[in-house]
Amino acid sequence: MAASGGRDWEKRTRYCGTLRKEDAGREVVLNGWVQTRRDHGGVIFLDLRDITGIVQVVCNPEFSREAHSSARSVRSEYVLSCRGVVRERPAEAVNPRLSTGEVEVMAERVTVINPSRTPPFEIEEGREVDENLRLRYRYLDLRRPELKEALVLRSRVTREVREFLSSRGFLEIETPILTKSTPEGARDFVVPSRLQPGKFYALPQSPQLFKQLLMVAGFDRYYQIARCFRDEDLRADRQPEFTQIDLEMSFVDPEDVMSLMDEMFVHLFREVLGVELYRPFPRLTWRQAMERYGTDRPDPRWGMEIRDFSGLYRDSEFRVFRSALEVGGRIRGFRVQGLRSPSRRELDELVEEAHRLGAQGLVWMVREGEDLRSPAAKFLSAQEVEGTLRESGLGEGEVLVLAAGGEEVGEVLSGLRDYCARRYFTRPREQYSFVWITDFPLFDWDEEEKRYKSNHHPFTSPSRECLDFLEENPSQVTSESYDLVLNGVELGGGSIRIHDAELQARVFRILGLDEEQAREKFGFLLEAFQYGPPPHGGIAFGLDRLVMIMAGKESIREVIAFPKTQSGTDPLTGAPDAIYPEQLGELRLRPV
RNA sequence: GGAGCCGUGGUGUAGUCAGGUUAACACGCCGGCCUGUCAAGCCGGAGAUCGCGGGUUCAAAUCCCGUCGGUUCCGCCA
């Protein structure tokens, strides 16, 4: 065996997936895993896999008796070192489905570096495998191309984010993982302190306060690919620990942040996916988004904008409409796209879906010539029919859906848009649709606690024009905030922060925090703000969700190397787990 | 906390609604044959107390109750 030093295997000279026709005649050494073995009795074919791809290794006894005999004992997922000569495949044996399909390696020597047990599932593309099994053997799951490619993509995304931001003067600075619990927001993960018995660190929900301190410190532009922790229930797009592209800038307004982020995503999609996006990304105020899409994270790709038809039915004989209007409600709806001359069944399904979404009811109207087919038809005047046709722009056989009620109708219609898009639209007009949503309300009324809560966080700056009525009418106050939505998924959001102590105090008062409480909770930040805080603002994006969309996946688990199950466990390591009584003792903890 | 779907050899599924004799199929695995395959092929073989517990019944993978795990959604979460 031609080993060197203490090794009993030969180091590779090339990667499997890189071999091409031009390499014919070259002697190479490959290191990798056996993807498959095809034994023809005489000749044995091995597909050898490494991070770059797969190449066929031919073990022919006439070429090398030794290689052939070692290959006989080889099985799937064995780790090999193969020395051989690259040669062009015979024309009829070319495999167009492999990037290396025009060549093969004639093995001179095959060394088994390590055998492998038969894997619990097949390491192959597109196989459905039980989620628990996949996670328990994640290192095997990660050998499969989909997952491997997703992580390669993820690495390229973070590299390009770093590349872009550092080229724009941002400094990458780490912030603590062991930190202080902050009120508001999600439930904290908590870590007991040994040195301070009875006291606890909290894991950060985001680096929010630290990045603001970095602005006070004068770093001007900060970013971090930051791990964040929130102890809430999991979803397909939510893990207890997740990663944000987090950044903050000094001396900026919302425009600066948004236009720079436009540039960043254009750069990212160009470099990583080769997709050209158009700048600037469209923007909607929160109010506009709610009005036209019924949600603060619209997907405009489907069209079907919501319109207000209230004016048409002021004096309608149709009681559902008239009585809704009489109590201050509205009639809103949209033209369903992709559905023409529907069956009664399809219409019933729309109504059913609306009920599922919490609607009292749904009225459909189908254009038939100059007339409307609808459960409400016999109550509608000629004028109302004519107006409906005109204002909706309904084509022959097309469907208008209308719902009557208060603002909650928007939510129903939004859900119904999604339903119609899934049901009747096969392909979107564009693959990627970015939208900025701006001017969110600063406060939300919390009905349970009977108080205002921050929509974003307590340091978000109110819009300038709202300063005069901050206290008088908090629910009408908008903020200098912005969310970026991609294909109906909230990618991230941010705001310009308050840098004025007096204004901050006013906001705290509205949130029901007196000076003392504010000092207790955020004292260190407020104190820092007494030493010359610059105007500043920033934003944070969910990296997992971004990569999920870029990779075309349905769950962020598919773009995270070692994710957790919905119940927050890791079947691979067995976390979370009990700890020894001694450990509890050291921490002065006792199970309840 | 609530609702839906899923759980059957190593893997993926059929069988469950309408209970009935050896639980079927594909892949994988093991052995044999085979010198151009690449989802290799052909022949043979092993491998499942049907997630777990209880109940109904002459009889339960199948019906009922409970429980555990996975997953999706609501609540929660920016």
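Values below: every heavy atom of this structure, side chains too, minus hydrogens, waters and symmetry copies. Labels below follow one simple rule: chain letters A, B, ... track the order of the sequence lines, proteins then strands, and each chain is numbered from 1.
Judged by distance alone with a 3.5 Å cut-off, no donor-acceptor contact links the side chain of A/Glu122 to the base of B/G12. Between the side chain of A/Glu128 and the base of B/U11 there is no donor-acceptor pair of N/O atoms closer than 3.5 Å. With hydrogens and angles left out, the side chain of A/Arg89 and the base of B/U37 share a donor-acceptor pair within 3.5 Å. For B/G10, its base never sits under 3.5 Å from the side chain of A/Arg127 at any donor and acceptor pair. A donor-acceptor contact under 3.5 Å is not formed by the side chain of A/Asp130 with the base of B/G12. The base of B/C77 is not paired with the side chain of A/Arg230 by any donor and acceptor separated by under 3.5 Å.
A side-chain N or O of A/Asp246 and one of A/Tyr222 form a donor-acceptor pair less than 3.5 Å apart.
For A/Thr565, counting side-chain heavy atoms from C-beta on, the closest listed nucleotide (B/A78, B/U71, B/C38) is B/U71. With distances taken from any side-chain atom of A/Ser76 to the nucleotides B/C73, B/C29, B/A39, the minimum falls on B/C29. You'll find that the side chain of A/Gln566 is closest to B/C73, out of B/C76, B/C38, B/C73.
Remark: C1' of B/U8 and CG of A/Leu133 are 15 Å apart, rounded to the nearest angstrom.
Across all strands shown, A/Ser567 has heavy atoms under 4.0 Å from sugar-phosphate atoms exclusively, and none from any base.
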* List the steps, then state whether side chain to side chain contact (heavy atoms under 4.5 Å, CB included) holds for A/Asn60 with A/His68. => CA-CA 6 Å; A/Asn60 189 323; A/His68 180 260; over 6 Å; no

